[in-house]
Amino acid sequence: MSPVSDPLRPADFASDVFEVVRVVPKGRVTTYGAVANCLGAKKASRRVGWVLNKSFSVAPAVPAHRVVNRLGQLTGAMHFPKDRPMASMLEAEGVQVQDATVVDFKALFWDPMTEL
DNA sequence: CATCTGACCTAGT
DNA sequence: AACTAGGCCAGAT
């Protein structure tokens with residue numbers, strides 16, 4: 001099935017990113033590359049981060065805190081609102097975070113490509 | 001207007 | 001196995 005639009009269109013790409021991230025189950029995490037790969041552009045992982053930057057203004061809210069880099073590091077934590085720290089959001093969902101890194105990330109990893 | 005950077009990742013050497 | 005380079009694309013300087 002094709003729940004996603006054409007990744008060729010920037011606007012659709014953003015929409016798809018939001019959609020995929022929103023599907024990530026609570027207490028699980030995914031990666032930029034996994035999302036990009038799911039959209040058919042695994043080399044565009046950078047854009048995913050750029051798109052997520054605007055995810056704070058969209059509705060329904062996008063759980064961007066569930067997106068980390070390939071090493072399980074919360075590289076985007078610094079860009080989160082001070083009132084809603086990325087690490088705290090994750091820990092509130094049962095995800096242990098140690099030193100800006102998801103503990104047991106490999107087990108908590110949720111691949112939209114495989115699961116979807 | 002040209003250049004660099006950035007919530008990254010894969011592939012080639 | 002470690003390192004370098006390339007790719008993606010929009011915003012900032």
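To find a chain, count down the sequence lines: A is the first, B the second, and so on, and within it residues start at 1.
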List the residues meeting salt bridge (Lys or Arg N to Asp or Glu O under 4.0 Å) with A:Glu91, not counting sequence neighbours, and say none if there are none. none
Could you grab the distance from atom CG of A:Asp111 to atom OG1 of A:Thr30, nearest 0.5 Å is fine? 6.0 Å
Can you give me the closest heavy-atom contact between [X] and [Y], atom names plus distance?
{"X": "A:Ala36", "Y": "A:Ala44", "result": "CB-C, 4.1 Å"}
{"X": "A:Phe18", "Y": "A:Ser55", "result": "CE2-CB, 3.5 Å"}
{"X": "A:Tyr32", "Y": "A:Gly76", "result": "OH-N, 4.2 Å"}

Can you establish whether the number of heavy atoms outside A:Gln96 located under 6.0 Å from its atom CD is more than 12? no
Can you pull every protein N or O that's under 3.5 Å from an N or O on nucleotides 2-7 of chain C?
{"from": "C:dG7", "atom 1": "N2", "to": "A:Lys43", "atom 2": "O", "distance (Å)": "3.1"}

Going by heavy atoms closer than 4.0 Å, what residues in residues 61-76 of chain A are next to DNA chain B? A:Ala64, A:Asn69, A:Arg70, A:Thr75, A:Gly76
Which of residues 80-113 of chain A have a heavy atom under 4.0 Å from DNA chain B? A:Phe80
Between which nucleotides of DNA chain B, read 5' to 3', does contact with chain A run, using atoms under 4.0 Å from its heavy atoms? B:dG6 to B:dA11
Looking only at atom C1', what distance separates C:dC3 and B:dA7, rounded to whole Å? 24 Å
Do [X] and [Y] make a side-chain contact, defined as non-hydrogen atoms from C-beta onward lying under 4.5 Å apart?
{"X": "A:Thr31", "Y": "A:Val67", "value": "no"}
{"X": "A:Trp50", "Y": "A:Arg46", "value": "no"}
{"X": "A:Val21", "Y": "A:Pro63", "value": "yes"}

Let me see the working for A:Arg84 and A:His65 under side chain to side chain contact (heavy atoms under 4.5 Å, CB included), right down to the final yes or no. CA-CA 10 Å; A:Arg84 258 143 75 199; A:His65 55 275; over 6 Å; no
Between C:dC9 atom P and A:Asp16 atom CG, what is the distance in whole Å? 14 Å
For atom CG of A:Asp12 and atom P of C:dA10, their distance in whole Å: 13 Å
Quick one: name the residues clustered hydrophobically with A:Phe80, using the 4.5 Å side-chain heavy-atom rule over I, L, V, M, F, W, Y, and just say none if it's on its own. A:Val29, A:Phe56, A:Val68, A:Leu74, A:Met86, A:Leu90, A:Val95, A:Val97, A:Val102, A:Phe105, A:Leu108, A:Phe109
Measure from the side-chain N and O atoms of A:Arg22 to the backbone N and O of A:Pro60, and report whether any donor-acceptor pair falls under 3.5 Å. yes
Between A:Glu93 and A:Arg28, is the closest basic N to carboxylate O distance under 4.0 Å? no
